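Here is the structure we will look at.
These numbers come from a predicted model, not from an experiment. Every chain is numbered from 1, with letters handed out A, B, ... down the list of sequences.
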Amino acid sequence: MHLNPMQREAVMATEGPLLILAGAGSGKTTVLINRIYNILMFGSGSDSDYVPEWADGAAIDAMNGESEDAARLAAVNPCPPWQILAITFTNKAADELKSRLSAMLGPEGQDVWALTFHSACLRILRRDCEKLGYTSDFSIYDTSDTLSLVKRILKDNDIDDKKFSPKAMLSYISNIKDRMLTPDQFSQIADFEGDLYKKMVSKIYREYARRLFEADAMDFDDLILNTVRLFEEYGDVLEYWQHRFRYVLIDEYQDTNAMQFRFSELISGGRHNICVVGDDDQSIYKFRGATIENILTFEDRNPHCRTIRLEQNYRSTGTILDAANAVIRNNTERKGKELWTDHEKGDLIELYVAENEHEEAQYVAGQILKGYSQGENFRDYAVLYRKNAQSSSIEFALKRNGIPYRIYGGMKFFERAEIKDILSYLCVILSPNDNLRLERIINNPPRGIGAKSIETASEIAIKEGTYLFDVISRADLYPELSRPAIRMREFSNMINELKYFAQNNPPDAVFDELLNKTGYVRVLEEKNTIEDAARIENVKELKSGIISYMEESGDNTLAGYLASVALYTDLDNMDRDDDCVTLMTMHSSKGLEFPHVFLVGMEETIFPGAQALGDSTEMEEERRLAYVAITRAMKTVNLVCAMQRMIFGQTTSNRISRFVEEIPEELRHANVIPRGYAFSDRAGSSYRMKSESGFGADYNQFHGGSSYGSSGQRGYSQIHSSGNPDRPGSSIVLPAKKAEPAVISDINEGDRIKHRAFGEGTVVKLSPMGGDYLIEMAFDKVGTKKLMLKAAAQYIEKI
DNA sequence: CGCACCACAATTTTT
DNA sequence: TTGTGGTGCG
């Protein structure tokens, strides 16, 4: 009912291949949900001319009514939920699908397979991976695991890690896997080409694959690759799954790589009811092997394919869309698509040129506070950056200003050493042959089995063609191991006991038993440092994680829990209920939306990144990222850049990002700069500046120039562009050097103050701290806040 | 074996 | 600026 004609068409076209080109904010998820709903209720009814024999005039009349019977009559072969497979890229997207389906269908919605590629493959593999030689409890190596594995291989083989950097090896291996080449196949290629580098890569790859397999482990790529292999080598398995899924939907199709493409083709190969949704302009994962060709050639490969374009945007203002369209128009490799909206134009795109990264961050914090004081919520704001390293200055500014924020990215919790340790124990309990993890924990906590002993034992294992754990279990048989033999035996006994325990007890009990037997926490407690106390907390938190996994999934296998951890990312527990500003990379922001978006670090060599300069393919990818970032915004976009910033401890200055210049000037507003510590000249203010006044100019006009010169005069200085031959004489006006922050003169504990965002309150405490003051204020409405005075001063007034 | 110290490198994005 | 890995000492 509430769908536009294009959306409705996409919902109704249930049969055969379907390509949906869905622009940002075009209601894609709504379409997916409704499409699934339609399939569940009406089967192919909406896409079929079929009229059952029994359908007489009365029945057809009834269908035109609104009765429940009408629905039943319109259905042609309705589909049970478990015959639908909906693949997304992130767990978050999958969860959203699931919960919206459940909201619509009740518990039945849970039976739809709404999963990521990785978790779908995991499920398929758990069932049949024995055919490939893995146990059904196989474990998953995450990126840091695979990195240590490669490092290990390089070391064991005396390979120079400068010439063959572990990271480069990993991405090379990932690339080989994406081409679905086995170690044998790749080494043939390397031999044939006689390329020494490739030969070495081939050797490393072979070893890498071997060790993973011996550890009964798969990396992320293996999950997909092995599923494809399973399908290709075992016709009955493929048939089973093809039969199982009547309808296959794949979201974010532009981000699929070759293996994922193959997977999609295979699993939908029976009925060809495959619906792929994507947007070539939002393809930002090429570095991970995604090939935009998958979506660009979908029509050619599927002759009877129908294509539907969703170009009406329901998210953003007209200005934001115009800006996004203008930027993406500079790309040549695209299907061509213009988003439009019937929303009003809205605010102009704000641009702020900051002095350095600190001021950049302070600007962001200030704008957020300003908005907050005008009734916006913190959760309406997102600060997006190109790379994670940029988050720290923003974080710092938000902290100082008492703005709650949440930062996404990485897997901070599960990457902590103590967490990895415990998880490694759990992995070893499942599979003692997992050497990588075994070596991580064998002497942790210290139990007198040193590096030398392990090395000796490893050599024996290799010589005898058995596993390290095996040798350790029988250490007393080897004279070389006579000294650590007892301790090794003790260790292996402990693991075996735990293994036995794990066979009869749920994961949370195993966890307790593990801590008890290993004394992991006990050792930390004895150390009694603050860091160790934090570690203990983390370990305890892990237990609640285990319990909630068991509750939520209804699964009580250790292998299941470990896999869920491996496939978990920080983004997943994003919840919009907390009133927090969101900090994340532009990549992570895909699929999300926020009323107000800040894009920071809009500078050449940052965004676009240095690697993209002079490489048009890379540059187009960066531009798509810019497109994604801009289209996250519903109401306002703030572009921020800094004239100078510290990179690797060095001050550098970059030109303004080309993406800023690609936004037509009439859509931009070079904004009023918040006047630094402008209270100095505010009448009635009780503060005094220590040194000079703030800016002489209120405006920061920006004319699309591209190069910064040096500033330094009072007031503002005009800088002529020197680096952009296309626009001779274009100039930018920048704020002059900013005055030193003020120091308080007469604010005291007990004073009544008014804060722009937090309202009125009382100064509770004022304590000197690093050349500044920590001011603690009890606000009448929002409770107590601790802020640094230098930063907060501009928002505080004495009353 | 554990710790402190030093040199050095490295910086993209993530399932 | 940060993190990592190696070395040498007690």
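- At the heavy-atom level, A/F117 lies nowhere under 4.0 Å from the strands shown.
- Between B/dT12, C/dT4, B/dT11, one nucleotide has an atom nearer to the side chain of A/K167 than all others, and that is B/dT11.
- Across the interface with DNA chain B, nearest-nucleotide mapping of A/S119 and A/P445 shows A/P445 to be the residue nearer the 5′ end.
- For A/R386 against B/dT13, a side-chain N or O and a base N or O form a donor-acceptor pair under 3.5 Å.
- Counting non-hydrogen atoms under 4.0 angstrom, A/T143 reaches a base of the nucleic acid.
- The separation between A/L125 atom CG and B/dT15 atom P is 19 Å, rounded to whole Å.
- Looking at heavy-atom distances under 4.0 Å, A/G450 makes contact with sugar-phosphate atoms alone, never a base.
- Regarding A/E526, its CD atom lies at a distance of 16 Å from the C1' atom of B/dG2, rounded to whole Å.
- Using a cutoff of 4.0 Å between basic side-chain nitrogens and carboxylate oxygens, A/E252 and A/K28 are scored as salt-bridged.
- Rounded to whole Å, the distance from CZ on A/R483 to C1' on B/dC1 is 12 Å.
- Set against C/dT1, B/dT13, B/dG2, the side chain of A/M646 has C/dT1 as its closest nucleotide.
- For A/K151 and C/dG5, the shortest distance from a side-chain N or O to OP1 or OP2 is below 4.0 Å.
- Within the nucleic acid shown, A/A451 comes within 4.0 Å of sugar-phosphate atoms alone, with no base atom in reach, counting heavy atoms only.
- Candidate nucleotides B/dG2, B/dT15, B/dT12 were compared by shortest atom distance to the side chain of A/E618, and B/dT12 ranks first.
- Here the P atom of nucleotide B/dT15 and the CZ atom of A/F89 are 10 Å apart, to the nearest Å.
- B/dT13 atom P lies 14 Å from atom CG of A/L384, rounded to whole Å.
- Listed candidates were B/dT15, C/dT4, B/dT11. Nearest to the side chain of A/H118 is B/dT15.
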Between A/K420 and A/S144, does the side-chain hydrogen bond (donor to acceptor under 3.5 Å, both in side chains) criterion hold? Intermediate values first, please. CA-CA 10 Å; A/K420 289 232 105 182; A/S144 68; 2.8 Å; yes

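- No contact: A/K452 has no heavy atom under 4.0 Å from any strand.
- Residues A/T291 and A/N294 bring a donor and an acceptor atom of their side chains to less than 3.5 Å of each other.
- Taking the ring centroids of A/F396 and A/H358, they lie at or beyond the 6.0 Å cut-off.
- Relative to the side chain of A/N388, the nucleotides B/dC1, B/dT12, B/dT13 differ in distance, and B/dT13 lies closest.
- Nearest-nucleotide mapping onto DNA chain B: of A/P446 and A/K387, the residue sitting toward the 5' end is A/P446.
- What separates CD of A/E620 from P of B/dT13 is a distance of 22 Å, to the nearest Å.
- If you take CG of A/L170 and C1' of B/dT15, they are 14 Å apart, rounded to a whole angstrom.
- Of the candidates B/dC1, B/dT15, B/dT12, the closest approach to any side-chain atom of A/N443 belongs to B/dC1.
- Between A/D219 and A/K177 there is a salt bridge, since a side-chain N of the basic residue sits under 4.0 Å from a carboxylate O of the acidic one.
- B/dT13 has its base stacked against the ring of A/F287, the centroids being under 5.5 angstrom apart at an interplanar angle below 30°.
- No engagement by A/L147 is indicated, since no non-hydrogen atom pair under 4.0 Å with the nucleic acid exists.
- For an aromatic pair to be called close, the ring centres must be under 6.0 Å apart, and A/Y381 with A/F594 fails this.
- Rounded to a whole angstrom, the distance from the C1' atom of C/dT4 to that of B/dT13 is 22 Å.
- Between the C1' atom of B/dT14 and the CE atom of A/M586 lies a distance of 16 Å, rounded to the nearest Å.
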